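Written out below as structure tokens is the structure these notes cover.
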There are 2 protein chains.
Amino acid sequence: MKIAILLYVDMTALDAIGPYEVLSRLPGTQVLFTGEMRGPVLTDTGFLKLMADYATSEVSDADILLVPGGPGNEAVRKNAKLLDWVRMIHEGSQFTTSVCTGSLILGAAGLLNGLRATTHWTRMEMLREFGAEATGERVVEQGKIVTAAGVSSGIDMALRLVQKISGDDLAQGVQLGIEYDPQPPFDAGSPEKAPSHIVQLVREAMR
Amino acid sequence: MKIAILLYVDMTALDAIGPYEVLSRLPGTQVLFTGEMRGPVLTDTGFLKLMADYATSEVSDADILLVPGGPGNEAVRKNAKLLDWVRMIHEGSQFTTSVCTGSLILGAAGLLNGLRATTHWTRMEMLREFGAEATGERVVEQGKIVTAAGVSSGIDMALRLVQKISGDDLAQGVQLGIEYDPQPPFDAGSPEKAPSHIVQLVREAMR
């Protein structure tokens with residue numbers, strides 16, 4: 001199983017690293033962290049660089065494509081070369097996936113037209129501009145395109161992919177291996193669950 | 001708030017990146033990814049390098065120290081220079097924290113003697129060898145030392161830290177910002193919850 005993860009400047013690290021930590025435990029897997037060029041890629045906080053060991057010009061196919069989100073999605077959506085690459089990898093992929101605003105990149109590549117899809121809860125309107133039917137579900141499967149909601153949702157998406165690819169036992173084994181038994185101090189992880197003043201606060205911060 | 005995250009060869013990326021994604025949203029925060037030397041650090045899968053922008057020799061204090069886990073913890077526990085550094089940062093820290101087998105490093109540095117602490121569920125016996133009272137709780141606070149269970153638990157720990165440092169509103173805001181509303185396909189994230197054949201399978205794989 002060959003997994004290509006797109007890295008780009010101003011991406012959100014957890015969007016990629018959450019699913020990577022799950023998917024890398026599929027048997028016989030190879031993960032290619034792929035940037036427009038090889039080299040360190042600065043993420044959105046300015047504090048962390050992830051290394052792209054491959055340039056997009058070196059990766060012409062993958063079984064799973066993962067496109068993370070982050071403020072840098074805007075620049076990627078204007079980058080014809082990267083959108084061409086996304087379309088090319090999608091052509092031959094078994095699964096084409098995104099986390100958070102990574103779905104806006106899939107949308108800009110023309111892959112979501114007429115499909116149900118999701119993104120970060122503050123970006124639903126933008127997703128609709130690409131012809132997608134935006135939904136608040138955490139993970140949305142439409143054929144081989146699988147989109148996940150904000151940042152941390154990539155972990156749930158990846159566990160679903162492991163289940164689809166290798167079955168229930170491995171999915172549970174990976175979940176237990178990474179001890180994914182969430183116990184956040186609050187139940188405030190979605191706009192339906194968080195207090196309304198928190199929803200407003202985050203909405204303003206994300207503008 | 002100055003946060004030092006120790007990077008080392010064969011660490012598990014999510015142990016560091018989960019809490020980083022949460023803690024970096026504290027106001028006025030600076031995160032220092034710190035390795036024994038500056039440069040890319042290869043993580044345990046062999047597929048991902050995280051960049052250490054600082055060498056331990058360049059970081060002499062931090063408000064929060066975060067020590068991730070991973071198979072490389074064994075080499076760190078034998079590295080007197082790194083253990084000295086951990087002790088030095090701990091001296092002046094507001095919080096000294098670990099995720100997964102990172103607590104074995106805190107233990108080897110002599111910081112857990114007589115304290116309650118946690119680690120990955122397969123490594124409880126090793127934790128006891130360092131004089132800690134090992135517990136299966138997901139996050140264990142003992143004064144300023146906060147240890148978290150396996151891999152993904154660092155996200156929960158970091159949300160608890162944000163709550164302690166900046167209050168309920170910010171903790172909920174960060175949770176909503178990263179849309180941490182977990183919906184794994186199974187409820188198998190702890191040895192108490194997973195089917196027994198899965199527990200055995202993972203225990204053998206982690207040997």
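Sequence lines set the chain letters: A, B, ... in the order given, protein chains first and strands last, and positions in each chain run from 1. For clarity, every value in this text was computed on a predicted model and none was experimentally measured.
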Legend entry - Smallest separation among heavy atoms of B:Ala4 and B:Thr34, with atom names: CB-OG1, 4.4 Å
Legend entry - Residue selection (most heavy-atom pairs with chain A, distance under 4.5 Å) from B:Ile5, B:Thr45, B:Thr43: B:Thr45
Inset, instruction - Indicate the atoms forming the closest heavy-atom contact of A:Ala171 with B:Phe186, along with that distance. - result: CB-CE1, 3.8 Å
Inset, instruction - Quick one: which of B:Leu159, B:Thr122, B:Leu32 has the most heavy-atom pairs under 4.5 Å with chain A, could you say? - result: B:Leu159
Legend entry - Beyond-backbone contact of B:Pro182 with A:Tyr180, side-chain heavy atoms, under 4.5 angstrom: yes
Inset, instruction - Could you tell me which portion of A:His120 (side chain, backbone, both or neither) has an atom closer than 4.5 angstrom to a non-hydrogen atom of chain B? - result: both
Inset, instruction - With a 4.5 angstrom heavy-atom cut-off, could you sort out which part of A:Ile155 is near chain B: side chain, backbone, both or neither? - result: side chain
Legend entry - Heavy-atom pair count under 4.5 Å with chain B, highest-scoring of A:Cys100, A:Ala205, A:Ala13: A:Ala13
Inset, instruction - Give the member of B:Asp15, B:Asp181, B:Asp168, B:Val151 that has the highest number of heavy-atom pairs under 4.5 Å with chain A. - result: B:Asp181
Inset, instruction - Specify which of A:Lys193, A:Gln183, A:Gln163 makes the most heavy-atom pairs with chain B at under 4.5 Å. - result: A:Gln183
Inset, instruction - Against chain B, work out which of A:Lys49, A:Arg25, A:Gln30 has the most heavy-atom pairs shorter than 4.5 Å and name it. - result: A:Lys49
Inset, instruction - Taking atom CD of B:Gln200 as the centre, report whether more than 12 heavy atoms of other residues, nucleotides or ligands fall under 6.0 Å from it. - result: no
Legend entry - Short N-O contact, A:Arg128 and A:Glu125, less than 4.0 angstrom: yes
Inset, instruction - Could you tell me which of A:Asp187, A:Leu201, A:Val31 has the largest number of non-hydrogen atom pairs under 4.5 Å with chain B? - result: A:Val31
Legend entry - Residue B:Glu21 versus chain A: region with a heavy atom under 4.5 Å: side chain
Legend entry - Structural part of B:Val162 lying under 4.5 Å from a heavy atom of chain A: neither
Inset, instruction - Measure the CD1-CG distance between B:Ile89 and B:Asp61 for me, rounded to the nearest 0.5 Å. - result: 6.5 Å
Legend entry - Rounded distance (nearest 0.5 Å) linking atom CH2 of A:Trp121 with atom CE of A:Met206: 7.5 Å
Legend entry - Toward chain A, the part of B:Thr12 with a non-hydrogen atom under 4.5 Å: both
Inset, instruction - Would you give the length of the straight line joining atom CG of A:Leu104 to atom CZ of A:Arg77, rounded to the nearest 0.5 angstrom? - result: 5.5 Å
Inset, instruction - Considering non-hydrogen atoms only, spot the tightest contact between B:Met51 and A:Pro40 and give its length. - result: CE-CB, 3.7 Å
Legend entry - Contacting region of B:Asp169 [heavy-atom separation from chain A under 4.5 Å]: both
Legend entry - A:Leu50 side chain reached by B:Leu50 side chain, heavy atoms, under 4.5 Å: yes
Inset, instruction - Take atom CD of B:Glu74 as the centre, draw a 6.0 Å sphere, and report whether it contains more than 12 heavy atoms from other residues, nucleotides or ligands. - result: no
Legend entry - B:Tyr20/B:Phe33 aromatic ring centres below 6.0 Å: yes
Inset, instruction - Anything in residues 136-148 of chain A with a heavy-atom distance to chain B below 4.5 Å? Please list those residues in order. - result: A:Arg138
